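Comments concern the structure below.
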Amino acid sequence: MEPVQRYAISLPGPVGGHRPATVVVVHWTPRTLGGKAVYVDDSGGFQVSIDAGGVASLLDADEGHQHQCLHAVPLPRARASAVPSGREAWGGPIG
């Protein structure tokens, strides 16, 4: 089965902040960690592992700033015209 190519990850705001969650779009990579797929944002600085149930966990977050059990929503494949330069249409990193 082919992996989901993109997910929208919801990051909660500060407790009591009363603002909407921040949403980050991440793309599939060929890497895995503990049997879970690893996804990254376009900058490469935001990395999560996502299990089959759609639960994302941050990777390499600073101690005390980790959000576990983040909500991950699968997104449809990007149209070729919407793909940022430096990324192939299948969603994986180049090079």
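All figures in this text were calculated on a predicted structure; none of them were measured in a lab.
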Checklist entry - Is there a donor-acceptor contact under 3.5 Å from the side chain of Gln5 to the main chain of Pro3? => result yes
Next on the checklist: I'd like to know if Leu58 and Tyr7 are part of one continuous hydrophobic network [Ile/Leu/Val/Met/Phe/Trp/Tyr, side-chain heavy atoms within less than 4.5 Å].
Outcome noted: yes
Item to check | Closest heavy-atom pair and its distance - Val38, Gln47 | outcome: CG1-OE1, 4.5 Å
Checklist entry - Would you say Ile9 and Asp41 make side-chain contact, with heavy atoms under 4.5 Å? => result no
Checklist entry - Given side chains that start at C-beta, do those of Pro12 and Leu70 come closer than 4.5 Å, heavy atoms only? => result yes
Item to check | Minimum-distance pair of heavy atoms, taken over all atoms of Val26 and Tyr39 | outcome: CG2-CB, 3.6 Å
Checklist entry - Under 4.5 Å between any side-chain heavy atoms of Phe46 and Leu11, yes or no? => result yes
Checklist entry - Looking only at heavy atoms, what is the nearest atom pair of Lys36 and Ile50, with distance? => result CB-O, 3.8 Å
